[in-house]
Amino acid sequence: MNLVTTMLIISITLSTILAIVSFWLPQMTPDHEKLSPYECGFDPLGSARLPFSLRFFLVAILFLLFDLEIALLLPLPWGDQLSSPLMTFVWAFTVLILLTLGLIYEWTQGGLEWAE
C-alpha cells in the first residue's frame, strides 16, 4: 500500500467517524430560541426600524480584516522553495509587523472595547 492510498483511507475513516459522532453527540432539545432564525441579535419578527449596535458591526469588520490578513501568511511554507528564503522571511515579518501595529492602533483607539 503506497502513501497516497494510506492517507486517503485515514482521511475518509476519520471524516466518517467525526461525521457520525457529530450527529450522535449533541443533545437534541430544541426550544423557541434555537428554532428561531438568528440575525445579529435582532428579533426577526419585530420592527425593522429599531436601532442597532454599530459597535457589533465594527468588531465584526475588524475580525474579518485581521482574519483575511492572516491568510496572507498561509503560503509561507511554500516560500522556502524560492531562490532567497531570506526574502520570504522579510516579507512575512513585514506582514506580521503591520498586523501587530494595526492591532495596537485599534486597541489604543478603543476599537476593541465591546461596551463603554
Visitor: Knowing that exactly one of Asn2, Val4, Ile9, Ile10 qualifies, which makes a side-chain contact (heavy atoms from CB on, under 4.5 Å) with Thr6?
Guide: Ile10
Visitor: Look at the side-chain heavy atoms of Ile, Leu, Val, Met, Phe, Trp and Tyr, link any pair under 4.5 Å apart, and say whether Leu25 and Ile17 land in one connected group.
Guide: yes
Visitor: Flag yes if Val90 and Leu98 sit in one hydrophobic cluster, no otherwise; membership is Ile, Leu, Val, Met, Phe, Trp, Tyr, and two members link when side-chain heavy atoms are under 4.5 Å apart.
Guide: no
Visitor: Side-chain heavy atoms under 4.5 angstrom apart, residues restricted to Ile, Leu, Val, Met, Phe, Trp, Tyr: same cluster for Trp107 and Leu99?
Guide: yes
Visitor: Applying a strict under-4.5 Å side-chain criterion to I, L, V, M, F, W and Y, I'd like to know whether Leu96 and Tyr105 cluster together.
Guide: no
Visitor: Minimum heavy-atom separation for Ile12 to Thr16, with atom names?
Guide: O-OG1, 2.7 Å
Visitor: Determine yes or no for a side-chain-to-main-chain donor-acceptor pair under 3.5 angstrom, with Ser22 supplying the side chain and Ala19 the backbone.
Guide: yes
Visitor: Measure the CG-OG1 distance between Leu8 and Thr13 for me, rounded to the nearest 0.5 Å.
Guide: 9.0 Å
